[in-house]
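Here's the structure we're looking at; comments come further down.
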Amino acid sequence: VVISCDKYSSLWDIFFSRFQKFWPDCPYEKYLVTNFKKFDYYGVNCVNVGEDRDWSSNLLNALTFIPETNLLLFLEDSPLNSVVNHSMFESVYEEFVSRDMDFLNLKNDPKFTSHFSGISRIPEKSFYRATVVINLWSKCVLQNLLKAGESAWEFEIAGTQRSDLYPNFYSLNRCFFDYIHVV
């Protein structure tokens with residue numbers, strides 16, 4: 001799921017052309033959260049949420065149209081910068097599913113002591129325990145943590161506090177995706 005809005009539409013082609021270049025064998029459905037604009041790119045499903053209210057409201061609305069129970073979140077201003085090892089990602093995803101994780105931070109930030117298989121549990125009360133990108137989420141948990149009216153930055157602070165109710169928050173001990181911030 002690539003979280004965006006129409007005012008950042010100039011980044012969509014950059015994001016998805018780099019995604020296709022660096023992860024051409026990605027078999028998962030690709031969703032782009034937009035307001036009204038359509039984006040015609042092979043394999044990308046636009047999820048139009050209507051009026052741009054705020055980051056959390058837009059994402060909550062979009063999630064009602066996405067059937068998957070687990071989500072990999074990106075922001076449109078963080079395109080990939082090197083080849084993704086798909087089989088390695090599958091291994092990480094299998095750990096996420098088999099251990100019934102609520103959240104898996106794929107950026108290794110902040111850093112924690114290893115727990116199992118190169119993955120660490122993020123303790124409650126940790127700063128930025130819930131971050132917006134790039135990570136795996138249980139859709140249900142994400143929906144429960146999102147609150148209408150919050151920006152992405154507000155979600156990372158307040159959502160982190162709300163995440164203390166969920167014990168299964170983890171982080172990789174290494175950054176999985178190489179990406180760049182373009183905005």
*Assess the pair Phe39 and Tyr41: is the distance between their ring centroids shorter than 6.0 Å?*
yes
_Before we go on, tell me: are the rings of Phe15 and Phe74 under 6.0 Å apart, centre to centre?_
yes
_Where Ala152 and Val132 come nearest, the two heavy atoms and their spacing_ = O-CG1, 3.9 Å
*Consider only side-chain N and O atoms of Asn85 and Ser87, and report whether a donor and an acceptor are under 3.5 Å apart.*
yes
*Polar side chain donor-acceptor pair, Thr131 to Asn135, under 3.5 angstrom*: yes
*asked:* Please check if the number of heavy atoms outside Phe22 that lie under 6.0 Å from its CZ is greater than 12.
replied: yes
_Between Trp137 and Phe169, is the ring-ring contact (aromatic ring centres under 6.0 Å, His included) condition met? List the steps._
CA-CA 9 Å; Trp137 279 93; Phe169 270 58; 5.8 Å; yes
*For the residue pair Phe89 and Tyr93, categorise the inter-ring angle as parallel (less than 30°), tilted (30 to 60°) or perpendicular (more than 60°).*
parallel
_Sidechain-backbone polar pair: Asn35 side chain, Asp6 backbone, donor-acceptor under 3.5 Å_ = yes
*If you measure only the distance, is there a donor-acceptor pair under 3.5 Å linking the side chains of Asp178 and Ser82?*
yes
_Side chains of Tyr166 and Asn144 only: does a donor on one sit below 3.5 Å from an acceptor on the other?_
yes
*Work out which heavy atom in Ser57 is nearest to a heavy atom in Arg53; give both atom names and the distance.*
CB-NH2, 3.3 Å
_Pair Arg162 + Glu150: basic N to acidic O under 4.0 Å_ = yes
